[in-house]
Enquirer: 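Sharing a structure, written as structure tokens. Questions coming.
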Amino acid sequence: MNTTQAPDLSQGPKRPAPAVWRRLLAYLRPYAWVMGASMLAMALAGLAEPLLPAMLKIGLDRGFGPGADLDLWQVPIAVIGLMLIRGLCVVAASTGMGWVESHVLADLRRDMYETLLHLPALRFDQSSSGPLISRFTHDASQVMSAGARSLSILVRDSITVLGLLVWLFWLNWSLTLIMLAMGPAIAVTMVSINRRLRRLSADHLKAMGELTQRVDESIGAQRVIKVDGGQPMERERFALVTNRLRQVSRRFSAMAALGSPANQVIAAIAVSVVLVVAMEQSRQASSSVGSFVSFVTALLMLLAPLRNLSNLGGPIQTTLTACESVFALIDEPREKDQGKAQAPKLQGALRFEGIELSYPGAALPALRDISLSLRAGEHLALVGPSGSGKTSLVNLIPRLYHPQQGCIRIDDIDITTIPLSVLRQQIAIVSQDVRLFDDSIAANVAYGAQRGASEAAIREALGHANLLDWVDAQAQGLHSFIGENGARLSGGQRQRLAIARALLKNAPILILDEATSALDTESERAVQTALETLMKGRTTLTIAHRLSTVIHADRIIVMQAGRIIESGDHDSLLARDGLYARLCQAGELTNEDESEGK
């Protein structure tokens, strides 16, 4: 298939921050009661902080000196009890937030995966799988991990800061106003830093997608890398990606770290001024020792939550960027499925009417002016040079792609009026690019809509695919696992397992795209016999480069540059001495003897 690389759409259009937060809150709403209980526990934990300097004031003013009226055990018991209650609140809040985080993360990934299952085929052609995988593994987890951490700090430390400020105002409002005068400077610093952090967070997520893609490709191509000595090349590529990720991470960390020292310097100036004034007031006996110690303690306790709140810029921007990435995937347009016709069991008569197909960015159309009719049960073979449009043509039948012009009909029904699930149930495809699942043999044969098939039906399909003897020789028989994409099978076994899946589906339309390309001659003969039985009464389109596969077709069409240039049976096409004859003479259509041992 001729496609061109299009830009990755990993982040999607930027959304206003309030819209992103509202979208995230919609995912939190089903767990509002747990969320509310957790936030209440956080608030209580935050409220416990201002009570400590208040206890110190009471303890110092009433526990020391000749007028002391407190027992020795009262203040220590009160402090221990306060810290115990605070600790229990922190544990309850963390447990509740963890529960909400895991559920929301599962919901996000569920919606992402649902979209992934219904994305158009063209979407996968236009971008690599790495960024998509990264959005499931990294971006989605960042939404809740960074978001939950930010929310915990925001609620707990905001309550702490508010409580301490109230206590400070009560103790000495003039000194507190001096400290609050630094607020605008802190706000301006954080706004400028947060803008930069959001851009760096987006760059970090993109770099993570590139890293995932590089690792995914290296795992999938590990045999090629080993055989062709590609380790140095892959090592260099991986180093480039990791260096880019390291640089982005370094800039993000540096910018995130800058906010805290800048705010601490501003706060330190305010604290220094406050301490000087407070010590002067204490010397003039305008405040008690307990009030002075309590004020200084509350002031020092204020620094930690202020520092935490000032550092929220990084996690908040990470959450915001990750949300944008996740929601962009969830909102991507799905396959168009406007079909409503309740089609009965189709017979399989096919008609292509004036089909034109172009892929985005391609210099030339993939298909041009294709008009073709097949009777129900007819066997049509498609041959031609690579890139002539054979696979593109058959991919239009299950609506994996959509032509820009023309119409395809099955039994005189426009396929766009048939629901996708109904249409695709009528079509079985076996291609040279076999995709199997890390599951049992039985689950790979009885896949999808056929998952309820009986064991006898599965065995029959495997028998027709010339694979049953091998299956019975396995320790667990049908229930033996085959590894990722059938890694424990040979190429021929993988191909025959895919054929067994198509046999079990028993659809009226059968598409064979180089279906026997991975078989040796002996296995091909056995499978070809089964396929000939299967093809009886079914409309079959076969793409192949072996004469043994196409020579007995009812009709052969020859394609070149997206057009049909010849049509007929084997003998008539040879007699015409056109492209088909030249393909045979050049060996691009090989006979059984020539394919022996290849």
Enquirer: Any chance you could measure S567, atom OG, to L382, atom CG, to the nearest 0.5 Å?
Expert: 10.0 Å

Enquirer: Do E353 and R351 pass the salt bridge (charged side-chain N to carboxylate O under 4.0 Å, His left out) test, and can you show the C-alpha distance, the side-chain angles, and the key distance before you say yes or no?
Expert: CA-CA 6 Å; E353 301 175 351; R351 188 162 76 248; 2.7 Å; yes

Enquirer: Using 0.5 Å steps for rounding, measure from the OG1 atom of T539 to the CD atom of Q426.
Expert: 11.0 Å

Enquirer: With distance as the sole test, does N466 use its side chain to make a donor-acceptor pair with the main-chain N or O of R496 at under 3.5 Å?
Expert: no

Enquirer: Where do A207 and L245 come nearest, in terms of heavy atoms and distance?
Expert: CB-CD1, 3.6 Å

Enquirer: How are the rings of F437 and Y447 set relative to one another: parallel (under 30°), tilted (30 to 60°) or perpendicular (over 60°)?
Expert: parallel

Enquirer: Is the side chain of R435 donor-acceptor paired with the backbone N or O of A498 at a distance under 3.5 Å, no angle test?
Expert: no

Enquirer: Which atom names give the shortest non-hydrogen contact between T242 and A239, and what distance separates them?
Expert: OG1-O, 3.0 Å

Enquirer: Would you call D412 and R409 a salt bridge, using N to O less than 4.0 angstrom?
Expert: no

Enquirer: Just by modelled atom types, is the G477 backbone N or O under 3.5 Å from a matching donor or acceptor in the S480 side chain?
Expert: yes

Enquirer: Going by the rule side-chain hydrogen bond (donor to acceptor under 3.5 Å, both in side chains), which residues pair with E378 if we only count those two or more places apart in sequence or in a different chain?
Expert: R555

Enquirer: Supply the atom-to-atom distance I418 CD1 to Q425 CD, rounded to the nearest 0.5 angstrom.
Expert: 13.0 Å

Enquirer: Show the numbers, then the answer: is there a side-chain contact (heavy atoms from CB on, under 4.5 Å) between I556 and V383?
Expert: CA-CA 7 Å; I556 302 171; V383 301; 3.9 Å; yes

Enquirer: Is a donor on one side and an acceptor on the other found under 3.5 Å between the side chain of D411 and the backbone of I413?
Expert: no

Enquirer: Just how far is it from atom CG of L512 to atom OG1 of T542, taken to the nearest 0.5 Å?
Expert: 4.5 Å

Enquirer: Looking at T319 and L24, what are the two nearest heavy atoms and their distance?
Expert: CG2-CD2, 4.4 Å

Enquirer: Please determine whether side-chain contact (heavy atoms from CB on, under 4.5 Å) holds for the pair Y401 and D125, giving the CA-CA distance in whole Å, both sets of side-chain angles, and the decisive distance to 0.1 Å.
Expert: CA-CA 11 Å; Y401 299 90; D125 296 338; 2.5 Å; yes

Enquirer: Please tell me if the side chains of I441 and H479 come closer than 4.5 Å, counting only heavy atoms from C-beta onward.
Expert: no

Enquirer: Does CD in Q404 sit with more than 12 non-hydrogen atoms of other residues, nucleotides or ligands closer than 6.0 Å?
Expert: yes

Enquirer: Heavy atoms only: give me the nearest I355-G406 pair and the separation to one decimal.
Expert: CD1-C, 3.9 Å

Enquirer: Quick one: salt bridge (charged side-chain N to carboxylate O under 4.0 Å, His left out) partners of R244, sequence neighbours excluded?
Expert: E210

Enquirer: Is there a side-chain contact between E114 and R334, using heavy atoms and a 4.5 Å cut-off?
Expert: yes

Enquirer: I'd like to know if the side chain of Q560 and the backbone of P385 have a donor-acceptor N/O pair within less than 3.5 Å.
Expert: no

Enquirer: Do V434 and L436 pass the side-chain contact (heavy atoms from CB on, under 4.5 Å) test, and can you show the C-alpha distance, the side-chain angles, and the key distance before you say yes or no?
Expert: CA-CA 6 Å; V434 176; L436 301 174; 3.8 Å; yes

Enquirer: Is any side-chain heavy atom of L122 closer than 4.5 Å to one of P360?
Expert: yes

Enquirer: Are more than 12 heavy atoms, taken from residues, nucleotides or ligands other than F238, located less than 6.0 Å from that residue's CZ atom?
Expert: no

Enquirer: May I ask you to decide if A140's main-chain N or O and R109's side chain share a donor-acceptor pair within less than 3.5 Å?
Expert: no

Enquirer: L367 versus F352: any side-chain heavy-atom pair under 4.5 Å?
Expert: no

Enquirer: Could you pull out the closest heavy-atom pair between G384 and K390, with the gap in Å?
Expert: O-NZ, 3.0 Å

Enquirer: Which distance, rounded to the nearest 0.5 Å, do you find between the CG of L28 and the CD of E101?
Expert: 10.5 Å

Enquirer: Is it the case that the side chain of D554 and the backbone of H379 share a donor-acceptor pair, with hydrogens and angles ignored and the cut-off at 3.5 Å?
Expert: yes

Enquirer: Step through the shown structure and confirm whether more than 12 heavy atoms of other residues, nucleotides or ligands are within 6.0 Å of CZ on F124.
Expert: yes

Enquirer: So do I564 and I370 actually touch side chain to side chain, heavy atoms under 4.5 Å?
Expert: yes

Enquirer: Walk me through whether Y27 and V143 qualify under side-chain contact (heavy atoms from CB on, under 4.5 Å).
Expert: CA-CA 11 Å; Y27 279 89; V143 168; over 6 Å; no

Enquirer: Parallel under 30°, tilted from 30 to 60°, perpendicular over 60°: which one fits the rings of H570 and Y580?
Expert: perpendicular

Enquirer: Check this for me, if you would: do R459 and D472 make a salt bridge, where the nitrogen-to-carboxylate-oxygen distance has to be below 4.0 angstrom?
Expert: yes

Enquirer: Which residue, I543, V550, L350, L374, forms the side chain to side chain contact (heavy atoms under 4.5 Å, CB included) with L380?
Expert: L374

Enquirer: Any side-chain heavy atom of V34 sitting closer than 4.5 Å to one from M97?
Expert: no

Enquirer: Could you tell me whether the side chain of S440 and the main chain of F481 form a donor-acceptor pair under 3.5 Å?
Expert: no

Enquirer: Distance-only, no hydrogens or angles: does the R424 side chain make a donor-acceptor pair with backbone N or O of S421 under 3.5 Å?
Expert: no

Enquirer: In Å and rounded to the nearest 0.5 Å, what is the CG to OG1 distance from D513 to T391?
Expert: 4.0 Å

Enquirer: Please step through side-chain hydrogen bond (donor to acceptor under 3.5 Å, both in side chains) for the pair S325 and D139, ending with a clear verdict.
Expert: CA-CA 7 Å; S325 174; D139 298 8; 2.6 Å; yes

Enquirer: Keeping S102 on the side-chain end and W99 on the backbone end, is there a donor-acceptor pair under 3.5 Å?
Expert: yes

Enquirer: Show the nearest heavy-atom pair for residues A461 and V445, with the distance to one decimal.
Expert: CB-CG1, 4.5 Å

Enquirer: Side chains of L423 and I397, heavy atoms from C-beta outward: is any pair under 4.5 Å?
Expert: no

Enquirer: Could you check if a side-chain atom of E335 sits within less than 4.5 angstrom of a side-chain atom of L119, using non-hydrogen atoms only?
Expert: no

